[in-house]
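Below is one structure, written out as structure tokens; the observations come after it.
Numbered from 1 within each chain, the chains take letters A, B, ... in sequence-line order.
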2 protein chains.
Amino acid sequence: MKLDEKMGLLRTYIENQGLKFTNQRDCIARCFFRTRTHISLDELTVKVKKEIPGTGYATVYRTMKLLTDSGLALSRHFGDGQTRYENLPATGHHDHLICVKCSRIIEFQNEKIENLQNETAARFGFTVINHKLELYGYCPECS
Amino acid sequence: MKLDEKMGLLRTYIENQGLKFTNQRDCIARCFFRTRTHISLDELTVKVKKEIPGTGYATVYRTMKLLTDSGLALSRHFGDGQTRYENLPATGHHDHLICVKCSRIIEFQNEKIENLQNETAARFGFTVINHKLELYGYCPECS
DNA sequence: ATTGAAAATGAAAGTTATTATCATTTAAGG
DNA sequence: CCTTAAATGATAATAACTTTCATTTTCAAT
Ligand SMILES: [Mn+2]
Ligand SMILES: [Mn+2]
Ligand SMILES: [Zn+2]
Ligand SMILES: [Zn+2]
């Protein structure tokens, strides 16, 4: 999805909710949509302040909540006690390999695993609405 | 593993580390070994206080850290922002199905998924040392 | 049993990430 | 240009965890 398309969806969501489109929201959303990492609020706030110096952490927090609620961002919790946000993956859902030494994160997709997850859940009468699969270990460079 | 066997392992671990075996540690460990749930520190502290009323939360916290470090307890993080502890499963490693409505937790094992995880990691040159697989959804009663 | 050094305890304070409050500013429709 | 509801940023509050410290307890060596 293109940047402008995302900004359009955000505007629509904001209008529909009776909210207002502000300078800060514009800047924070653009900064976020630009990233390709799993970014924390602290990290994102640094980026945003370079464009609008006065911006408060709370506004970044609230805007990321907005983006998450609207479905334009995904929030993730890896091992480090911080919430991280990532853009919607163009290729669809993915899971993560995380290096416990250098924190490198590799994304992967595995249709077979996903299917087995659903099979397993079904066996217990569960309806899965989301899941978390994280593999922690050593990346090639840290092995 | 029997209760006494676990207590023996704990004693050994404590001796080897040059630590001391106290009344509180005995009580907290027994209370924990008795549980079959994924218990939080608050919950465990309530149980412990019924046997030794003066026991402080910090002591429960420190003892569970000890049990985790010694390999006699597993710490888990589900969605609710609290650390939970569970006994070593007699049947070996398992993963979890979690009901987002009633918080019921069902444990499952799936060898195929485990193998696919390792295959996937290997494809990226990763060595997996642990993983987290949680399936969130609705249990049969809440569907 | 007594002693003494080292470790454990419990209350309280400190940490850290997140979330809420509130006075002031701003967006946007009329 | 006005109105007013929402947004902002500084700050305070929360919540779970972790540390500190004065006091108590353990336990090996008398
Ligand atoms: Mn990702
Ligand atoms: Mn379990
Ligand atoms: Zn690495
Ligand atoms: Zn349920």
| task | In whole angstrom, give the distance that lies between atom NZ of B:K20 and atom C1' of C:dA7. | result | 4 Å

| message | Looking only at the aromatic ring of each residue, does the gap between the centers of A:H131 and A:H93 stay below 6.0 angstrom? | response | yes

| request: Decide whether B:Y136 and B:E134 meet the rule of one side-chain donor and one side-chain acceptor closer than 3.5 Å. | output: yes

| query | Nearest-Å distance, CD1 (A:I14) to C1' (D:dT8)? | reply | 14 Å

| task | Indicate, with a heavy-atom threshold strictly under 4.0 Å, whether A:F21 touches base, sugar-phosphate, or nothing. | result | sugar-phosphate

| query | To the nearest Å, how far apart are A:Q24 CD and D:dA10 P? | reply | 11 Å

| request: Pick base, sugar-phosphate or nothing for A:R62, based on heavy-atom distances below 4.0 Å to the nucleic acid. | output: base

| message | Taking 4.0 Å as the cut-off, does a side-chain nitrogen or oxygen of A:T59 come that near to OP1 or OP2 on D:dG9? | response | yes

| field | Modelled atom types, side-chain donor and acceptor of B:E86 and B:H38, under 3.5 Å | value | yes

| query | Rounded to the nearest Å, what distance is computed from the CD1 atom of residue B:I28 to the P atom of nucleotide C:dT9? | reply | 7 Å

| note | Atom CG of B:D26 and atom P of D:dC27 are separated, to the nearest Å, by 11 Å

| Over how many whole Å does the gap from B:E15 atom CD to C:dA6 atom C1' extend? | 16 Å

| said: I want to confirm an ordering. Mapping B:T83 and B:N23 to their closest nucleotides on DNA chain D, which one lands closer to the 5' end? | reply: B:T83

| field | Heavy-atom pair of closest approach, residues B:F126 and A:R104 | value | CZ-O, 4.4 Å

| task | Could you tell me whether the phosphate oxygens of C:dT9, OP1 or OP2, come under 4.0 Å of any side-chain nitrogen or oxygen in B:T55? | result | no

| query | Nearest to the side chain of A:L19 - D:dT19, D:dA6, C:dA7? | reply | D:dA6

| query | Taking OP1 and OP2 of D:dA6, is either one under 4.0 Å from a side-chain nitrogen or oxygen of A:R25? | reply | no

| message | Check this one for me: any side-chain N or O of B:Y57 less than 4.0 Å away from OP1 or OP2 of C:dA12? | response | no

| task | Remember a base hit wins even if backbone is also touched, and classify B:Y61 as base, sugar-phosphate or nothing at under 4.0 Å, heavy atoms. | result | base

| said: Using modelled atom types and a 3.5 Å cut-off, is there a donor and acceptor pairing between side-chain atoms of B:K101 and backbone atoms of B:S143? | reply: no

| query | In whole angstroms, how far is the P atom of D:dA15 from the CG atom of B:D80? | reply | 14 Å

| What's the CD-C1' distance between A:Q82 and D:dA15, to the nearest Å? | 17 Å

